[in-house]
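Some notes on the structure that comes next.
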Amino acid sequence: MNPTEISDALEAISTAPFDPAEFGYDFAAATGNAKATVSRLRPGKRTLNKSKISGAVLMNRRYYYIPAEPGQADAAMELLLSDKKTIQHKPEILIATDGQDVVARHPASGDTLRCSFVDLHHHFGFFLPAAGMSRFKAAEENEVDIKATGKLAKLYDALLKKNPDWATEDRRHDLNQFMTRMIFCLFAEDVGIFPKDQFSRLIVNHSGEKGVEAHLVIRDAFAAMNLPKDSRGHLPAWTQELEYVNGGLFSGRPDCPVFDPIAWGYLLDAAGEDWRKINPDIFGSMIQSIADAKRRSELGMHYTSVPNILKVLGPLFLDDLDAAIEKAWDRPNALEKLLTRLGRIRVFDPACGSGNFLVVAYRQLREREMKVIKRLVDLTGQSLMKLSSTLSLSSFHGIEITDFGAETAKLALFIAEYQANAEMSEMFGAATETLPLRDGGHIVCANALRVNWEEVCPPPKGEEEVYIAGNPPFLGDGSRSAEQNADMDFALKGKIDAYRRVDFVACWMFKAANYIRGKSARSALVSTNSICQGQAVGALWPSLLTDGVEIGFAHQTFKWRNNASANAAVMCVIVGLRNTSKGEKRLFNGDLEVRANNINAYLLDGPDLFVSATPRSIFGLPYMEYGNKPTDGGHLILSPSERTELLEEYPEAAKFVKRFMGSQEVVKGIERYCLWISDEDAEEAASIPLLRTRFDAVAKFRSESKAAQTRPSAAYPHRFRQAQNFAKNHSILIPSVTSERRPYLPVDRVGADVISSNLNQALYDAPEWCLALIASRLHLVWIGTVCGRLESRFRYSNTLGWNTFPVPRFTQAQLEQLNASARMILKTRYMHHPKTIAELYDPDKLPDDLREVHRQNDELLESMYIGRPFRNDTERLEKLFKLYAARVEKLKSEPKKGAA
DNA sequence: CATCCGACACAGA
DNA sequence: TCTGTGTCGGATG
C-alpha cells in the first residue's frame with residue numbers, strides 16, 4: 001500500500017461508527033496487512049496478538065492499540081507505556097482511543113499525536129511507521145550561501161556589462177577564474193588563512209575613488225600570491241604583505257576586468273559578507289549561477305544541492321556509519337576501530353565538476369570522526385596525543401573534464417579541510433599550518449568515459465571501502481554531440497544493445513556497476529528518471545543487474561532543484577548499486593522511506609521484470625497505429641483563419657483541407673486543419689498559388705533537414721513525410737503526452753473526417769470497448785508504470801503500453817458490456833458540451849456523473865479480471881504484472897502462435 | 001520504417 | 001518568474 005491508500009483506509013475508519021472491539025483489526029488492515037494476517041491477530045490458539053490486556057491488540061514491531069473508557073484516552077496510553085510488552089515487542093506506534101479522542105505515540109522518538117477520532121486520516125503521516133514506512137528528513141540549504149551567491153552573481157553581471165569583451169568563449173574562462181580567485185581571497189581573509197581583512201583593505205586602499213584602478217591593483221595582488229615573497233621585486237611594495245598561496249589557483253594570467261562604480265559597489269558588498277559561514281559545498285552553485293544560462297547544461301555546470309547530495313551519501317554509507325557509531329558508543333576499542341575504518345574509506349566521484357559531492361562527503365566524514373574522537377576522550381578521560389585527522393584528502397578521488405572544474409574542486413576540498421582542521425583545533429586547542437596550498441584531493445582532469453576508473457581510484461584492498469557517488473551529465477539521444485556519441489560508443493559498444501537509445505548518464509551507471517562488481521564498493525548516482533522508464537528499462541538494466549549487482553536503495557522521481565537562478569528542467573532519480581547482500585533495501589519517495597523486498601529497474605518494490613516494446617499486442621488487442629507525421633516546418637498545417645482565407649480565395653481547395661488533431665486538439669478541443677492531398681491530386685493542388693507557396697516551403701524545409709530520412713521527402717512536399725493512415729468510419733485517438741494529474745487518460749472518438757497527427761496513437765475503426773479499456777484506471781496505472789514519461793507527464797506508447805497491456809480472455813457478452821460502458825462515458829461527456837476533456841477531467845472538477853460512469857466502467861472491467869474491483873493501485877499493478885509475466889512465459893514456450 | 005525521447009519548450013498567470 | 005502541460009522532428013534499431 002502507498003501512503004495515499006493508507007490515508008483513504010484511515011478515512012474509512014474515522015467516518016464509520018467507532019467499534020472498540022474492531023478498531024484494532026481495522027487499523028491493521030488500513031496499515032497494509034493482508035487479510036490472513038489480520039484474522040490471525042484475532043483471539044485464538046496461535047494468535048499474533050502479543051498483548052495480555054483485554055481488548056488491546058499488539059502487533060510485533062508494528063502497533064499497539066488499546067480501547068479507552070470514555071474520556072480516558074490518556075490514562076489508556078499510560079497503561080500502554082508502562083506495559084512490559086511495549087518494550088519487548090517494539091511497536092512503532094501506540095494508539096489509544098475512546099472513539100472521540102485519539103492519543104497516539106511514536107515510542108522511538110517520543111512524538112505524541114492528539115486528535116479527534118474523525119480527523120484520524122488527516123494525520124496519516126504519523127501512522128505510517130505502523131505500516132513499515134518512515135519519514136525521511138531532507139537536509140536544507142544554507143541561507144547565507146544563497147545570499148552570498150546572489151551578491152557574486154550581481155558582481156559578475158556588472159563586470160560583464162562593463163567589460164563586454166570578456167563575454168567571448170575564451171575570455172569567459174578567465175572571468176570564471178577571476179571569480180574563483182576572488183571568492184578564495186574573501187574567504188581566506190575571513191577565516192584566518194590571511195590576516196583579518198587584509199585583502200579587501202589593500203584593494204580598497206589602492207584602487208582610488210570608486211575603484212577606477214581596481215583592475216590594476218587586483219592584478220598585482222593575484223600576481224603576488226603566485227610568487228614567494230622574495231621574488232616580487234617587479235611588483236608594488238604593498239604586495240609584500242600578501243601571502244604566497246600557489247596551489248595552481250593563481251598560476252596563469254592574473255588578468256582582471258575593469259570596474260565601474262556599480263561593480264565596485266557589489267565587490268564591497270561581497271567583501272562585507274561574513275565568509276566564515278560559507279559552505280565550500282556551494283562553489284559549484286556560485287559558478288553555475290554566474291555562468292551563462294545557455295551553457296549551463298554543459299560540462300558539469302549543473303551543481304547538485306546539498307540536500308540532494310545527502311540523499312545520495314546517506315543511504316550509500318553515512319547512515320551505516322552512524323549505526324556503527326551508535327553501536328560502538330560505549331566501547332573505546334570499538335570506537336578506535338571505527339577511526340581506523342574511517343581512514344580506509346575512499347570516495348570517488350567520476351563526474352565531480354567543482355567537487356560538491358567530494359566536499360560534502362569529506363565534511364560529513366570529518367564530522368563523524370570528531371564525534372568519535374570526542375567520545376573517546378570522554379570515555380577514557382585521556383587527552384588525545386595526536387591531533388591530526390585520519391582522513392586524508394588523498395582518499396577523495398574525482399574525474400572532471402574541464403580544467404576549471406578540477407581546479408575549483410581542489411580548492412573547495414582545501415577549504416573544507418581548512419575549516420575542519422580549524423574546528424578540531426578549537427575543540428582540542430592546537431594549530432595547523434595552511435599555506436601555501438597543498439594538493440587538495442586526487443582530482444584528475446580527464447574524460448571519465450575514456451579512462452579506466454581503476455587507475456583513478458584504485459580498487460579497494462583488504463578492509464578498504466570505496467564509495468562511488470556523483471551526478472553525471474544527462475543527455476538524451478537528440479542532444480549529444482558527435483564527440484559524446486563517440487565517448488558512448490567507447491564505453492558501451494558491444495556491452496549493451498541499443499545503448500544509443502538511453503541517456504548519456506547510462507555510461508556512468510554501467511561503469512559504476514562494473515567497478516563495484518565483486519568488490520568492497522558501492523555506488524549511488526543521481527540520474528535522469530528516464531533511465532528507469534519506458535524503452536530504457538529493457539535496454540539498459542538487464543546488463544546492469546547481473547553477476548551479483550543489485551539495487552540497494554533508490555530515490556524515486558523527484559524534481560531537480562538547486563539554488564541557481566534558472567533551474568534545469570528535469571526529473572531525477574537516485575539509484576544505489578551494491579553487490580548482492582542480505583542487508584535491507586531502502587526505497588525513498590520524497591520524504592517517505594519504505595523497506596522493500598526487492599527494488600526493480602522501475603524503482604518499484606517488485607520482482608525484476610523488464611517490459612519491452614512489441615510491434616503487436618501480445619493479448620490480441622486491435623492494432624494501434626502511430627499517427628501521421630508531417631515534418632513540414634508547419635507549412636502543411638492551417639489555423640482556422642488560414643483555412644478561411646484559403647477557402648475564400650480558392651474555394652476549389654476545399655477538398656484538400658481536413659480537420660487535423662494532435663494531443664492538444666483532442667484534450668483542449670483546439671481547432672486545426674491540414675492539407676491532405678493524394679499523389680494523383682498533387683498537380684491540381686500545386687496549380688493553386690497559395691498551396692504552391694506552401695509546397696515550396698515544405699520542400700525547402702525538408703531538403704535542409706539533417707536527418708537522412710527526411711531529405712528525400714522534399715520530392716513530395718504536398719504530402720506528410722510519414723504514413724498515410726486514416727479511418728473509414730471512426731477513430732479512437734489517444735494523445736501521446738498528457739498531464740499526469742488527471743484521474744483517467746484522455747481518449748476520444750472522432751469521425752472519419754479527422755486526420756490524426758503523430759502526437760496521437762490511433763485505433764482506426766476499432767470496437768468501442770477499446771475506449772472503455774483505455775479510459776480505465778487499470779490502463780492508466782499500467783501506462784504510468786511501463787511507458788516512459790516526459791518529466792512526470794504520461795507518455796502513451798503503442799509498443800510499450802497498449803501492445804503489452806494484459807487483458808483476460810473476454811467473452812462476447814463481456815465485450816458488449818464494455819461497448820455499452822464506452823458509449824456511456826462518451827454520452828456523459830456530451831451532456832457537458834461544450835466542455836473539453838481538459839476541463840472535464842481537471843482533477844478538482846470532474847463532474848459527479850462522469851466520475852460515477854468511470855467508477856462503473858472500472859468496476860465492470862475489473863470484475864472481468866478478478867471478479868471484484870481492485871482494492872488499490874498496488875493490487876492492480878501486481879495483477880497486471882502477473883498476467884504479463886505469465887503471457888511472456890507462454891509465448892516463449894510456443895513462439896509460433898505469437899500475437900493472437 | 002515506425003517510433004520514443006527531450007539537464008525541454010512555451011504559453012499563460 | 002513560476003506553473004502547468006504538451007510541439008516537433010531527429011536519431012535510432
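In the text below, chain A, chain B and the rest are named by the order of the sequence lines, each starting its count at 1. Model, not experiment: these values are computed from the prediction.
- Atom CG of residue A/Leu733 and atom OG of residue A/Ser756 lie 4.5 Å apart, to the nearest 0.5 angstrom.
- Between B/dG12 and C/dC8, the two P atoms lie 14 Å apart (nearest whole Å).
- Distances were taken from every side-chain heavy atom of A/Lys668 (C-beta onward) to each of B/dG6, C/dT5, C/dG10; the shortest belongs to C/dT5.
- Between A/Asn529 atom CG and B/dA7 atom P there is a gap of 11 Å when expressed in whole angstrom units.
- Taking 4.5 Å as the limit, some side-chain heavy atom of A/Arg829 sits within range of a side-chain heavy atom of A/Asp748.
- The distance from atom NZ of A/Lys559 to atom C1' of B/dA7 is 12 Å, rounded to the nearest whole Å.
- A/Trp782 and A/Thr804 share a side-chain donor-acceptor pair at under 3.5 Å.
- Listed for the A/Ser663 side chain is a donor-acceptor partner under 3.5 Å among the backbone atoms of A/Leu759.
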List the steps, then state whether side chain to side chain donor-acceptor pair (under 3.5 Å) holds for A/Asn798 with A/Asn803.
CA-CA 6 Å; A/Asn798 51 354; A/Asn803 294 344; 5.5 Å; no
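- The gap from the C1' atom of B/dG6 to that of B/dC10 amounts to 14 Å, rounded to the nearest Å.
- One C1' atom belongs to B/dA7, the other to C/dG13, and the distance between them is 25 Å to the nearest Å.
- Contact check for A/His854 versus A/Pro743: no side-chain heavy atoms found under the 4.5 Å cut-off.
- As judged by a 4.0 angstrom heavy-atom cut-off over every strand, A/Val505 is placed among residues making no nucleic acid contact.
- Among the nucleotides C/dA11, C/dG4, B/dA7, the one closest to any side-chain atom of A/Lys706 is C/dA11.
- Taking the side chain of A/Ser663 as heavy atoms from C-beta on, and the options B/dG6, B/dC8, C/dG6, the nearest nucleotide is C/dG6.
- Nucleic acid contact class of A/Pro472 (heavy atoms, under 4.0 Å, all strands): base.
- Atom CE of residue A/Met179 and atom CG of residue A/Leu155 lie 4.5 Å apart, to the nearest 0.5 angstrom.
- Put simply, CG on A/Asp844 is 15 Å from C1' on C/dT5, counting in whole angstrom units.
- Phosphate contact (OP1/OP2 of B/dA7, side-chain N/O of A/Ser479, threshold under 4.0 Å): present.
- In the set B/dG6, B/dC4, C/dA11, B/dC4 carries the atom at the smallest distance from any side-chain atom of A/Gln535.
- Each of A/Ile637, A/Leu636, A/Val698 was scored for a side chain to side chain contact (heavy atoms under 4.5 Å, CB included) with A/Leu675, with one residue passing: A/Leu636.
- Each of A/Ser736 and A/Asn485 has a nearest nucleotide on DNA chain C; the 5'-most of these lies closest to A/Ser736.
- Counting distance only, with no hydrogens placed and no angle test, the side-chain atoms of A/Tyr626 and the base atoms of B/dC1 include no donor-acceptor pair under 3.5 Å.
- Contacts of residues 630-639 of chain A with DNA chain C (heavy atom under 4.0 Å): A/Thr631, A/Asp632, A/Gly633.
- Look at A/Arg742 and you'll find a side-chain N or O under 4.0 angstrom from OP1 or OP2 of C/dG6.
- Within 4.0 Å of A/Lys629, counting heavy atoms only, lies at least one base atom of the nucleic acid.
- Shown for residues 788-801 of chain A: residues whose heavy atoms fall under 4.0 angstrom of DNA chain C, namely A/Leu790, A/Arg793.
- Between A/Trp676 and A/Phe726, the ring-plane angle classifies as perpendicular under the 30° and 60° cut-offs.
- A distance of 14.0 Å separates CG of A/Leu540 from CZ of A/Arg501, quoted to the nearest 0.5 Å.
- OP1 or OP2 of C/dT5 sits under 4.0 Å from a side-chain N or O of A/Ser739.
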Test side chain to side chain donor-acceptor pair (under 3.5 Å) on A/Ser305 and A/Arg561; report intermediate values, then the result.
CA-CA 7 Å; A/Ser305 68; A/Arg561 204 150 249 306; over 6 Å; no
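- Contact annotation: A/Ser530 side-chain N/O to B/dG6 OP1/OP2 distance is under 4.0 Å.
- Taking the C1' atom of each, B/dC4 and B/dC8 are spaced 14 Å apart, rounded to whole Å.
- If you find the closest nucleotide of DNA chain C to A/Asp842 and to A/Gln709, the one lying nearer the 5' end belongs to A/Asp842.
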Starting at the 5' end of DNA chain C, write a dot or bracket for each base, bracketing those in Watson-Crick or G-U wobble pairs whose two distances are under 3.5 Å and using | for partners on another strand.
||||||.||||||
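- The side chain of A/Arg721 contributes no N or O atom lying less than 4.0 Å from OP1 or OP2 of C/dG9.
- With hydrogens and angles ignored, a donor-acceptor pair closer than 3.5 Å exists between the side chain of A/Arg501 and the base of C/dT12.
- Taking the centre and axis of the six-membered ring of A/Tyr841, the NZ or CZ atom of A/Arg742 falls outside the cone set by 45° and 6.0 Å.
- For the pair A/Arg500 and A/Asp489, the salt-bridge criterion is met [side-chain N within less than 4.0 Å of a carboxylate O].
- Residue side chain A/Asn471 reaches the base of B/dA7 through a donor-acceptor N/O pair under 3.5 Å, judged by distance alone.
- In this structure, the CD atom of A/Gln722 is 12 Å from the C1' atom of B/dC4, given to the nearest Å.
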Would A/Tyr623 and A/Trp802 count as a ring-ring contact (aromatic ring centres under 6.0 Å, His included) here? Give the steps.
CA-CA 9 Å; A/Tyr623 181 52; A/Trp802 175 256; over 10 Å; no
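- Atom CG of A/Asp477 is separated from atom C1' of C/dG9 by 12 Å (rounded to the nearest Å).
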